[in-house]
Amino acid sequence: MNLLNELRSRFETALTPFAIDPAPFAAMVKPTQDAKFGDYQANCCMPLAKQRGENPRELAAKVVAALDVAEFCEPPEVAGAGFINLRVRPEWLQEQTNALIANTRLGVEPVAQPHHIVVDFSSPNVAKPMHVGHLRSTVIGDALCKILKFQGHHVISDNHVGDWGTQFGMIIYGYKHFLDQAALERDMVGELARLYRLVNQLCDYHDLKPKLPKLQEAVAEKQKTVTEAEGNTIPTDAKKADSLKKQLKKLREQLADAQADLESAQSKCAAVEGDATLKALADGHPKIVVESRLETSMLHAGERVNRELWQRFVPECLEAIQRMYDRLGVNFDHTLGESYYDPLLKSVVEEMQAKGLARESDGAVCVFNAGFEAPFIIRKRDGAFTYATTDLATIKYRVQEFQADLILYVVDSRQSEHFVQLFDTARQWGYTGVELQHVKFGTILGKDNRPYKTRSGDTVGLESLLDEGVANARRIVDANDDRKEGGPVLDEAARARVAEAVGLGAIKYADLSQNRESDYVFDWERMLATTGDTATYMQYAYARICGILRKGDVDREALRVDGKIVLEQPAERALAIKLLQFGEALDQASFEFRPNFLTAYLFEAANTFSTFYAKCDVLKAATPELRTSRLLLCDLTARMLQQGLGLLGVETIEQM
RNA sequence: GCACUCGUAGCUCAAUUGGAUAGAGCAAUGGACUUCGGAUCCAUAGGUUGUAGGUUCGACUCCUACCGAGUGCACCA
């Protein structure tokens, strides 16, 4: 039973005589922040009393009189400004905890109205190796899928891979001109990545080189205005002086921006010019920008050679990506890349035009959404479609084929505007029955607090990141096992398994435990930490429980059949109530798609268990009944931790 | 120029969406029966929630201005 929901429903009944629409007031029942206020509190009487022009405490007393919660709670108390505090009755708590024993879903009831939810996440570009930037989308998206599925929704995970864009033209161009045949045979994906980087670098060079004088000019000009502004005498009027100071600051910022642009362009050009081989390649391919773009449009047009190359490359690239997913334990129901929607794009544009939603502007076909200066371009001047077009087609497809009533896009928040425009356009197009949600997350920043961008050189590949995490965990596993009293208990294979689970768990947890919307600084230490609020802490709690059950030679199945839980100590009671709140934590996590609510709950639960463990003897309990009761609490905690961590994509191990 | 996001303990982050005395972890300090697994537990210290106003019973949360950091803005996705 979900107690919170039950209490809310009881409040709704009790509030009916006092409010026209009691539901929002009933929703103001919440778990307390402080145990001294009981277990749950209702905050509805203050706003409601205001609305009715009554005294909040008096209203609270009336609501309490009308409230029927005697089954679960001690008599409610009115406190403070008009709060109603609820304390769960010990007998009820004990009864409910006992009911969890035989419940395979740990008391989590499936949702009453399951939705068809498409979760669009990870979406790497198949032409480039995955890097840290893909981690957040992959880890958060996967956790959301698992949570929503466990809650009873019909979840469809879809990896919208980038397999159709300009980067493929670059690879094809590279293949035709710079291929190292031996390398291709040895490691196709690696060679394709090299070709992509090379062509990209040469394109950058040809793109930027002619712009250098202009950039230099811009810097000189900004420099001049700054110098001039600096020469101005400061007015005595404080207000004017202030505004002048501000202006100067802005000018300096503009100068700094121009300088940064110039430096970035210069360093890219210098990288090519400083390398005789690269310079020769650049000189030999002056039209590489145009021609690699041409390769892309030839691919799209169905030109035979390019199409064959594409058909040969994509499966290999997908396989390489799949290895990463296998390691991370991530599954997709579908991998429908951009290419999949190509046949639908033409008709999408035509339909938009026919409906009068899109019109031509400057040669491109655009949707002009109210409140936006920039148009939403669905066909470029050269006739090619954009990702806006693909995204629209994808919505259509998902509604038709998957009966989606909710689509989640687990994508970097920098793309917010794109999604606002996309959703706006889709609604005008007629897709009003499907809820579209940008589940945005913050940017990973570098140590300089600037967005962590993948420039050649400081890219942290995803694979090496995972390896680093596992290696770090391995050092800790070794140290701990060697230090064990009776000598090491793990063999080589077991240590490797534990290190994998702990290392990957640490990395995933670092991402999931943070509010997804805030940026964070990429930090090895934080990602690989294994003490405090980390996955390791929960994994350890789980392994400790398994250790107890092992040592006590406990048959868990038999224990569940005829054992009974008796709650006496405060630590036992605290643990029991935590266990009963698993479903509430899942509700919170899925309400606005925030896995950090689940991580917070699991950490609290593991912490509550550790306290219980420190205060209450289990195997050495005073009576056999008490021992059984506590063993059952251990068993339940282990089951919940395993389930909860599993929903986050974090593995549990019995011995570590 | 226009738009959006964010400023919370020394550091990294929470805060159940307007509720009671703003909470965790890390780092620091002090403690835990000769450990049912010490990768643990308990305690102490650490705050004018960027600044100034406003809204109200009540504000980290909503509004206004300012300061500071960042992101996006016509044919790359």
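Numbered from 1 within each chain, the chains take letters A, B, ... in sequence-line order.
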If a protein heavy atom is under 4.0 Å from the base, mark B; if only from the sugar-phosphate, S; if neither, -; do that for nucleotides 27-41 of chain B going 5' to 3'. ---------BBSBSS

Rounding to the closest angstrom, what is the interatomic distance between [N] and [M] at atom [atom1]?
| N | M | atom1 | answer |
| --- | --- | --- | --- |
| B:G10 | B:C66 | P | 29 Å |
| B:A15 | B:A20 | C1' | 14 Å |
| B:A59 | B:G25 | P | 27 Å |
| B:G18 | B:C33 | P | 47 Å |
| B:U55 | B:C60 | P | 16 Å |

Determine the sole option in [options] for which the ring-ring contact (aromatic ring centres under 6.0 Å, His included) test with [X] is passed.
| X | options | result |
| --- | --- | --- |
| A:Y537 | A:Y542, A:F603, A:F609 | A:F603 |
| A:F419 | A:Y409, A:F376, A:Y387 | A:Y409 |
| A:W164 | A:W310, A:Y341, A:F385, A:Y340 | A:W310 |

A:K484, NZ: over 12 other non-hydrogen atoms inside 6.0 angstrom: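 Atom NZ in A:K484 is crowded, with more than 12 foreign heavy atoms closer than 6.0 Å.
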
Heavy atoms from other residues, nucleotides or ligands near CG of A:D382 exceed 12 (cutoff 6.0 Å): yes

Which is true for [X] with a 4.0 Å heavy-atom rule: it touches a base, it touches only sugar-phosphate, or it touches nothing?
| X | value |
| --- | --- |
| A:N85 | base |
| A:N125 | nothing |
| A:E373 | sugar-phosphate |
| A:R627 | nothing |
| A:S518 | sugar-phosphate |
| A:E584 | nothing |
| A:E517 | nothing |
| A:A49 | nothing |
| A:K250 | sugar-phosphate |
| A:R381 | base |
| A:Q167 | nothing |
| A:N515 | sugar-phosphate |
| A:A364 | base |

Could you please name the option among [options] that lies closest to any side-chain atom of [X]?
| X | options | value |
| --- | --- | --- |
| A:E253 | B:A69, B:A14, B:A20 | B:A69 |
| A:P375 | B:U16, B:U12, B:A74 | B:A74 |
| A:R414 | B:G25, B:U16, B:U71 | B:U71 |
| A:F603 | B:U12, B:G25, B:G19 | B:G25 |

If you apply the rule side-chain hydrogen bond (donor to acceptor under 3.5 Å, both in side chains), what do you find for A:Q421 with A:N369, and how did you get there? CA-CA 7 Å; A:Q421 291 230 50; A:N369 289 313; 2.8 Å; yes

Toward the 5' end of RNA chain B, by each residue's nearest nucleotide, A:S413 or A:T534: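 Result of the comparison: A:T534.
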
By nearest-heavy-atom nucleotide on RNA chain B, the more 5' of A:Q415 and A:Q514 is A:Q514

Between A:C203 and A:S292, does a side chain to side chain contact (heavy atoms under 4.5 Å, CB included) hold up when you go through it step by step? CA-CA 9 Å; A:C203 282; A:S292 59; 3.8 Å; yes

Identify all pairs in which a protein N or O lies below 3.5 Å from an N or O of nucleotides 56-60 of chain B, and state each distance.
from	atom 1	to	atom 2	distance (Å)
B:U56	O3'	A:K50	NZ	3.3
B:C57	OP1	A:K50	NZ	2.5

If I take atom CE from residue A:M170 and atom OG1 from residue A:T296, how far apart are they, to the nearest 0.5 angstrom? 7.5 Å

Do A:K36 and B:U21 have a side chain to base donor-acceptor pair shorter than 3.5 Å?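 Such a pair is found, so the answer is yes.
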
N/O donor-acceptor pair, side chain A:E525 with base B:U12, under 3.5 angstrom: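 No such pair is found, so the answer is no.
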
Length of the [atom1]-[atom2] vector between [X] and [N], whole Å:
| X | N | atom1 | atom2 | result |
| --- | --- | --- | --- | --- |
| A:Q588 | B:A14 | CD | P | 15 Å |
| A:N369 | B:G72 | CG | P | 21 Å |
| A:R516 | B:U5 | CZ | P | 14 Å |

Only Watson-Crick and G-U wobble pairs, only distances under 3.5 Å, only runs of 3 or more: what stems does that leave for RNA chain B?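 Listed by first number, the stems are B:1-7 with B:67-73, B:10-13 with B:23-26, B:28-32 with B:40-44, B:50-54 with B:62-66.
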
Distance check: side-chain N/O of A:N596 vs OP1/OP2 of B:U16, anything under 4.0 Å?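 Looking at the OP1 and OP2 atoms of B:U16, neither is under 4.0 Å from any side-chain N or O of A:N596.
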
